[in-house]
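Here's the structure, in structure tokens; my notes come after.
The first residue of the sequence shown is numbered 1, and numbering continues consecutively from there.
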Amino acid sequence: MFRKIFVIASCCVAMTCVALAQDTKEAAKPSPAEGYNIHVLAPHLVNGKQSSPYHHYCKVVAPDPQIVCLIFESTEPNAMLMQVEYIWAKSLTRPNVPLKQWNKYWHDHAVEIGGGRVKVLDLPDDKAKEVADIVSKTDGYIIHIPFAGKIPDAGKVGYAQAVGHKPLTAAEYKKSAEAAGKK
């Protein structure tokens with residue numbers, strides 16, 4: 001009888017251990033929040049005024065490239081998310097985004113990086129240059145979340161712009177779309 005109880009108890013313990021191991025294995029799956037570790041510092045225009053150098057924490061989500069950045073005003077652990085930037089290859093944006101929309105909401109990272117205001121942090125110089133070279137072949141679109149004190153200012157979400165953004169003429173945009181489509 002004792003042996004039977006021991007075997008049953010051992011089986012229960014073993015099954016519990018297997019269940020816990022499976023739970024731990026499932027908990028260890030990466031979340032979509034992982035990988036935002038390319039750290040970039042750059043100022044933006046918000047409502048026409050240059051503000052902060054913002055801390056971008058970026059992640060490559062597709063090889064075209066398509067990159068998403070979570071943007072904060074500081075590096076403090078509890079810093080509030082202020083902006084999100086979508087960085088898409090010019091080969092995706094230029095042929096597909098109308099000129100009027102591009103001029104208002106998008107910006108050319110070659111212009112932004114060429115202006116010297118963008119700094120890739122936390123990487124050796126050669127790797128930082130590699131990141132900048134890749135991003136210079138992209139366009140960016142920034143969604144800005146304003147705050148009224150410590151509260152998100154509901155209904156006032158807007159769009160930030162790169163410092164140095166230059167609207168393109170129809171001829172320039174057509175030429176850039178053709179060039180981007182060939183790559």
What pair of heavy atoms forms the shortest contact from P65 to I134, and how long is it? CG-CG2, 4.0 Å
Given 3.5 Å as the limit, does a donor-acceptor pair link the side chain of R94 with the main chain of E178, or not? no
Do H109 and T138 get their side chains close enough for a donor-acceptor pair, meaning under 3.5 Å? yes
Would you tell me whether E76 and N78 have side-chain atoms, one donor and one acceptor, within less than 3.5 Å of each other? no
From NE2 (H144) to CG (L45), nearest 0.5 Å: 11.5 Å
So, K59 side chain and E34 main chain: donor-acceptor pair closer than 3.5 Å or not? yes
Gap separating the OH atom of Y159 from the CD atom of Q83, nearest 0.5 angstrom: 13.0 Å
Take I67 and V61 through the side chain to side chain contact (heavy atoms under 4.5 Å, CB included) test and state the conclusion after the steps. CA-CA 6 Å; I67 302 166; V61 295; over 6 Å; no
Are side-chain heavy atoms of S176 and K174 found at a separation under 4.5 Å? no
K129 and D125 ion-paired at < 4.0 Å: no
So, are K175 and E172 salt-bridged, with charged N and O less than 4.0 Å apart? no
Can any side-chain N or O of S52 pair as donor or acceptor with the backbone N or O of Y54 at less than 3.5 Å? no
What I'd like to find out is whether the side chain of C69 reaches to under 4.5 Å of the side chain of V84, using heavy atoms alone. no
4.5 Å side-chain heavy-atom contact, Y57 and L81: no
Between H56 and H44, does any side-chain donor sit less than 3.5 Å from a side-chain acceptor? yes
So T93 and W88, do their side chains get closer than 4.5 Å, heavy atoms only? yes
Spatial distance of atom NZ (K127) from atom CG (D122) [nearest 0.5 Å]: 15.0 Å
For a 4.5 angstrom cut-off between non-hydrogen side-chain atoms, does D139 reach I87? no
Test item: F72 and M82 side chains (from C-beta on) under 4.5 Å apart, heavy atoms: no
Please determine if D108 and K166 form a salt bridge, counting it only when a charged side-chain N lies under 4.0 Å from a carboxylate O. no
Where the side chain of N103 meets the backbone of L168, is there a donor-acceptor pair that is under 3.5 Å apart? yes
Does the side chain of V40 come within less than 4.5 Å of V118's, by heavy atoms? yes
Under 6.0 Å between ring centres: does that hold for H55 and H39? yes
Hey, does Y141 have a side-chain heavy atom less than 4.5 Å from the side chain of I143? yes
Under 6.0 Å between ring centres: does that hold for H165 and W102? yes
